[in-house]
Asker: 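Got a structure here, written out as structure tokens. Questions coming.
Here is the naming used below: chain letters follow the sequence lines, and residue numbers restart at 1 for every chain.
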Amino acid sequence: MDYKDLANLIFPDAKDISYYEEKYPERNLPEGAIVTRFAPSPTGFVHIGGLYQALVAREVAKKTGGVFFLRVEDTDQKREVENGVTGIVNSLKDFDMAPDEGMITDTEEIGNYGPYKQSLRKEIYQAYAKYLISQGKAYPCFCTPEEGEEIRKKQEAAKVRTGYYGVWAKCRNITVEEAYKKIENGESYIIRFKSPGREDRKIKHKDIIKGNVDFPENDQDIVIIKADGLPTYHFAHAVDDHLMRTTHVIRSDEWLSSVPLHLQLFHELGFKAPKYAHISPIMKNDNGNKRKLSKRKDPEAAVSYYKEEGIPVNAVKEYLLNIANSTFENWRRANPDKSMDEFDFQLNKMSVSGALFDMVKLLDIGKTVISKMTAEEVYENSLKWAEEYDKELLEMLQDKEYALRVFGIERGNKKPRKDISKWSEVKYNIEYMYDDKFYSKEQEYQYQVIADKEDIEKILNLYIEKYYNDNDDKQTWFDKIKELAGEMGYAKEVKEFKANPGMYKAHVGDVSTVLRIALTARANTPDMYEIMQVLGKDRIQKRFETAIKNLK
RNA sequence: GGCCCCGUGGUCAAGCGGUUAAGACACCGCCCUUUCACGGCGGAGUCAUGGGUUCGAUUCCCGUCGGGGUCACCA
């Protein structure tokens, strides 16, 4: 009786691994093409760090004419969440990052290297586990979880390394006969990898991002097949990334310390190991301490947050790309109108330490991104966001022609206005341009320098009756306000006022402020000429009348 | 605790033995025909720390301190 008999007893129906090796041949890709993947577990929550990894992985694959695929790691049935896959697929779609291969809905997939859902690959893992057993490189372990716990306690008490290794690996040296008998007797077991490693030996590993890292060899007989017949992460990683012909494993750096194990697994399985790039996580400052963005504590940890807030997709991506390669920022300044896909992303230039998440900067990028859009694009995006998150805004946007005029204010010129950083700010931004919104609430008119109510009333009346004309061009419009200022005894030029402050009550700027506030009830607005053009004389007049009434 | 990684201004960071130590966000001031925003100009602010090596260290080595990761039949 030998290892083969044991392997046959454990996995009688498993295919020979040559079947899979042939079924999933090396990919026929151009020289230098990189194959990457995004491999989340479907917990129903997509972390911004996950999106970050996916963005980087996709960027690298795209750049080299390779493949970016999505694999769902659902080997932990306890964590299974309904529609978890849909959440992942949709998040990638929302960010315009759909994979070339892999899951495209909860149940459907594309590509020739599937299934791309690990729970559907059970027989594949078992075939490779069988292979390992038949080679004497893996063995059944009959220790119960409770026994494992006991071993660990003993190890802790003895102050030695914890784990299933060396003399602690009780089942490692069970004879084939003994194992055979236990299995026939119905004892339950799991499959462990028989590690050939020694803790006192070092291995060298070159990570694309972290650089040279030395580790002790792995000597842990880790579990490869759990009691439920499904593989653990480590085993699935080796089998899948080999069979799916992944060239570069781009993943979170919490996996860095598992590299010795993974390399060993690849070696013992007879696979060529992929290259690894371990990405530092996105952090957050929590009372002076850095910590990972937390699903529970930080709303911005969820990718859904960005959608809900209406932060433009490209702003999020550019921000993430900037964390990944900080030279992106300089490139962006030099190429303000190019698509970010043209940026020459470098995996090996990624930061080795984790960056603190900076919402202020993200929002600044949001402003820039939106400022570059046409009124039409702003309209479409606002509408899309409003449909899902803001009924009131949606209503306001029904009159598209008018909305386009409002969004067109100070847009499209060489120095476009940068005042909207996310779609959820749109409503506040344009509200005062809508009469029903404007009149539906009690406005507060805070006239600033000019406080004399009679003067204010006079300015408003005089302006609308004597000076304002819808057909004036901007210069004429401007000159007329100066004339009005002069007629009322205010300085026509600010400089003049500053030179002789005693000669005037105030200056033309203060007069404008009165007009602006009567018009919008706001101290800060975009260009007043354009606002007036959109409003038109009748509406301007009505707003002035309302403002005057409010004075009394 | 063992093992591993990291440490340049408030934040993201460039830098690879000799630099006035880039740039961006944020902050402050000035200018930009009248607000705000944009833009322009200017400003404040950094190489964690102690030892080496070197003619010379932010750059190389060691220690210290600080931060992070990992030690599951979770991924």
Side-chain angles (χ1 to χ4, degrees), chain A residues 39-41 43 73-76 78-79 118 141 143-145 148-149 152 156 159-164 188-192 199 207 210-211 213-216 220 222-228 230-234 236-237 251-260 278 280-281 283 285 288-292 319 322-323 325-330 332-333 349 351-365 367-368 371 410 413-420 448 475 478 481-482 485 493-495 507-513 515-517 520 522-529:
Chain A
S41 49
T43 57
E73 312 225 320
D74 60 342
T75 55
D76 185 7
K78 293 178 288 271
R79 293 219 297 203
Q118 291 183 328
C141 168
C143 295
T144 60
E149 185 63 24
R152 215 192 49 186
E156 274 166 8
K159 294 199 167 144
V160 296
R161 264 186 318 129
T162 55
Y164 206 82
S188 66
Y189 60 92
I190 52 173
I191 308 297
R192 283 186 187 273
E199 209 256 348
D207 189 88
K210 304 280 181 185
V213 192
D214 293 353
F215 285 105
Q220 301 271 349
I222 57 115
V223 176
I224 57 174
I225 301 287
K226 300 182 282 185
D228 59 10
L230 286 167
T232 53
Y233 171 86
H234 305 106
H237 155 54
R251 71 214 322 187
S252 158
D253 75 356
E254 69 197 61
W255 293 110
L256 186 62
S257 57
S258 299
V259 165
H278 287 94
S280 310
M283 317 284 280
N285 188 318
N289 281 78
K290 267 187 172 188
R291 47 152 248 253
K292 277 206 237 183
Y319 175 67
N322 191 237
I323 290 182
N325 269 190
S326 68
T327 48
F328 173 78
E329 208 161 46
N330 292 332
R332 177 45 91 207
R333 271 172 78 79
K349 283 195 184 151
S351 169
V352 206
S353 49
L356 247 30
F357 187 83
D358 188 349
M359 185 58 85
V360 175
K361 184 143 185 167
L362 205 207
L363 260 16
D364 180 74
I365 296 174
K367 272 190 196 172
T368 306
S371 76
E410 280 190 81
N413 40 13
K414 56 272 146 224
K415 290 203 287 185
R417 195 171 177 77
K418 275 190 176 178
D419 52 357
I420 307 174
Q448 294 167 3
Q475 192 56 52
F478 195 79
I481 295 181
K482 285 186 186 175
E493 305 288 345
V494 179
K495 278 183 186 133
H507 60 75
V508 62
D510 301 315
V511 174
S512 295
T513 299
L515 298 176
R516 167 175 286 110
I517 287 170
T520 64
R522 289 190 187 181
N524 306 333
T525 74
D527 184 70
M528 193 159 55
Y529 173 72

Asker: Out of curiosity, A:His237 NE2 to A:Thr75 OG1, how far, rounded to the nearest 0.5 Å?
Answerer: 13.0 Å
Asker: Whole angstrom is fine here: how far is it from CD1 in A:Ile481 over to P in B:rU35?
Answerer: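 Rounded to the whole Å, the gap is 12 Å.
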Asker: Which value, rounded to the nearest 0.5 Å, describes the distance between A:Gln118 atom CD and A:Asp76 atom CG?
Answerer: 11.0 Å
Asker: Got a second to check how far A:Asn524's CG is from A:Thr513's OG1, nearest 0.5 Å?
Answerer: 9.5 Å
Asker: To the nearest 0.5 Å, how far apart are CZ in A:Arg79 and OG1 in A:Thr43?
Answerer: 6.5 Å
Asker: Could you give the distance from CD (A:Glu149) to SG (A:Cys143), rounded to the nearest 0.5 Å?
Answerer: 13.0 Å
Asker: When the C1' atoms of B:rC36 and B:rU19 are compared, how many Å lie between them, rounded to an integer?
Answerer: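 It comes out at 40 Å once rounded to the nearest Å.
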Asker: Please figure out whether A:Leu362 or A:Ile323 has its closest RNA chain B nucleotide nearer the 5' end.
Answerer: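 First, find each residue's nearest nucleotide; the 5'-ward one identifies A:Ile323.
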Asker: Roughly how many Å is it from CG in A:Asn285 to C1' in B:rU11, rounded to a whole number?
Answerer: 10 Å
Asker: Between the side chains of A:Lys226 and A:Thr232, does any donor sit under 3.5 Å from an acceptor?
Answerer: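 Short answer, no.
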Asker: Might you list the N or O atoms of the protein lying below 3.5 Å from N or O atoms in nucleotides 30-33 of chain B, with each pair's distance?
Answerer:
unit_1	atom_1	unit_2	atom_2	d
B:rU33	O4	A:Gln475	OE1	3.2

Asker: So what does A:Ala355 hit on the nucleic acid, given a heavy-atom distance under 4.0 Å: a base, only sugar-phosphate, or nothing?
Answerer: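 Answer is sugar-phosphate: A:Ala355 comes under 4.0 Å of backbone atoms only.
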Asker: Determine the interatomic distance between C1' on B:rG45 and the same-named atom on B:rG23; round to the nearest Å.
Answerer: 15 Å
Asker: Do side-chain atoms of A:Asn325 reach the backbone of A:Thr327 as a donor and acceptor pair under 3.5 angstrom?
Answerer: no
Asker: Which letters describe nucleotides 68-75 of chain B, given B = protein heavy atom under 4.0 Å from base, S = only from sugar-phosphate, - = neither?
Answerer: SSSSSBBB
Asker: Could I get the full list of ring pair (Phe, Tyr, Trp, His ring centres under 6.0 Å) partners for A:Tyr319, not counting sequence neighbours?
Answerer: A:Phe357
Asker: Determine whether a donor-acceptor pair (N or O, by modelled atom type, separation under 3.5 Å) exists between the side chain of A:Lys210 and the backbone of A:Leu256.
Answerer: no
Asker: P atom, B:rA75 versus B:rU70: distance in rounded Å?
Answerer: 15 Å
Asker: Summarise protein proximity over nucleotides 19-24 of chain B in one line of letters, 5' to 3': B for base, S for sugar-phosphate only, - for none, counting protein heavy atoms closer than 4.0 Å.
Answerer: ---BBB
Asker: Within a strict 4.5 Å, meaning less than it, do heavy atoms of the A:Lys367 and A:Leu363 side chains meet?
Answerer: no
Asker: Could you tell me how far B:rA44 sits from B:rG29 if I compare only their C1' atoms? Round to whole Å.
Answerer: 11 Å
Asker: Taking NZ, NE, NH1 and NH2 as the nitrogens, is one of them in A:Glu156 or A:Arg152 under 4.0 Å from a carboxylate oxygen of the other?
Answerer: yes
Asker: CE of A:Met359 versus C1' of B:rG10: gap in Å, rounded?
Answerer: 17 Å
Asker: Roughly, in whole Å, what's the span from CD in A:Glu410 to C1' in B:rG39?
Answerer: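 Atom-to-atom, A:Glu410 to B:rG39, this comes out as 12 Å.
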Asker: Could you pull out the closest heavy-atom pair between A:Cys141 and A:Arg192, with the gap in Å?
Answerer: SG-NE, 3.3 Å
Asker: Please classify the nucleic acid contact of A:Arg161 as base, sugar-phosphate, or nothing, using heavy-atom distances under 4.0 Å.
Answerer: nothing
Asker: Calculate the interatomic distance between A:Tyr319 atom OH and B:rC12 atom C1'; express it in whole Å.
Answerer: 7 Å
Asker: To the nearest Å, how far apart are A:Leu356 CG and B:rG7 P?
Answerer: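 A:Leu356 atom CG is separated from B:rG7 atom P by 15 Å.
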Asker: With rounding to the closest Å, how many angstrom separate the C1' atoms on B:rC61 and B:rG2?
Answerer: 24 Å
Asker: Please work out the stems of RNA chain B from pairs that are Watson-Crick or G-U wobble with both distances under 3.5 Å, keeping only runs of three or more consecutive pairs.
Answerer: B:1-7 with B:65-71, B:10-12 with B:23-25, B:27-31 with B:39-43, B:48-52 with B:60-64
Asker: Only counting residues at least two apart or in another chain, list the ones meeting salt bridge (charged side-chain N to carboxylate O under 4.0 Å, His left out) with A:Arg417.
Answerer: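 Expected list: A:Glu410, A:Asp419.
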Asker: When the C1' atoms of B:rG9 and B:rA13 are considered, how many whole Å apart are they?
Answerer: 11 Å
Asker: NE2 of A:His234 to CD of A:Gln220: how many Å apart, nearest 0.5 Å?
Answerer: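 Atom-to-atom, A:His234:NE2 and A:Gln220:CD are 10.0 Å apart.
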Asker: For B:rG40 versus B:rU54, give the span between their C1' atoms, rounded off to a whole number of Å.
Answerer: 45 Å
Asker: I need the minimum non-hydrogen distance between A:Ser280 and A:Asp253, along with the two atoms involved.
Answerer: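 In this case the closest contact between A:Ser280 and A:Asp253 is CA-OD2, 3.7 Å.
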Asker: What is the distance from CG of A:Asn325 to P of B:rG15, rounded to the nearest Å?
Answerer: 11 Å
Asker: Atom CG of A:Asp358 to atom P of B:rC25: distance rounded to whole Å?
Answerer: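 About 11 Å, once rounded to whole Å.
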Asker: Taking the same atom, P, in B:rU53 and in B:rU59, what whole-Å distance lies between them?
Answerer: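 After rounding to an integer number of Å, I get 15 Å for this pair.
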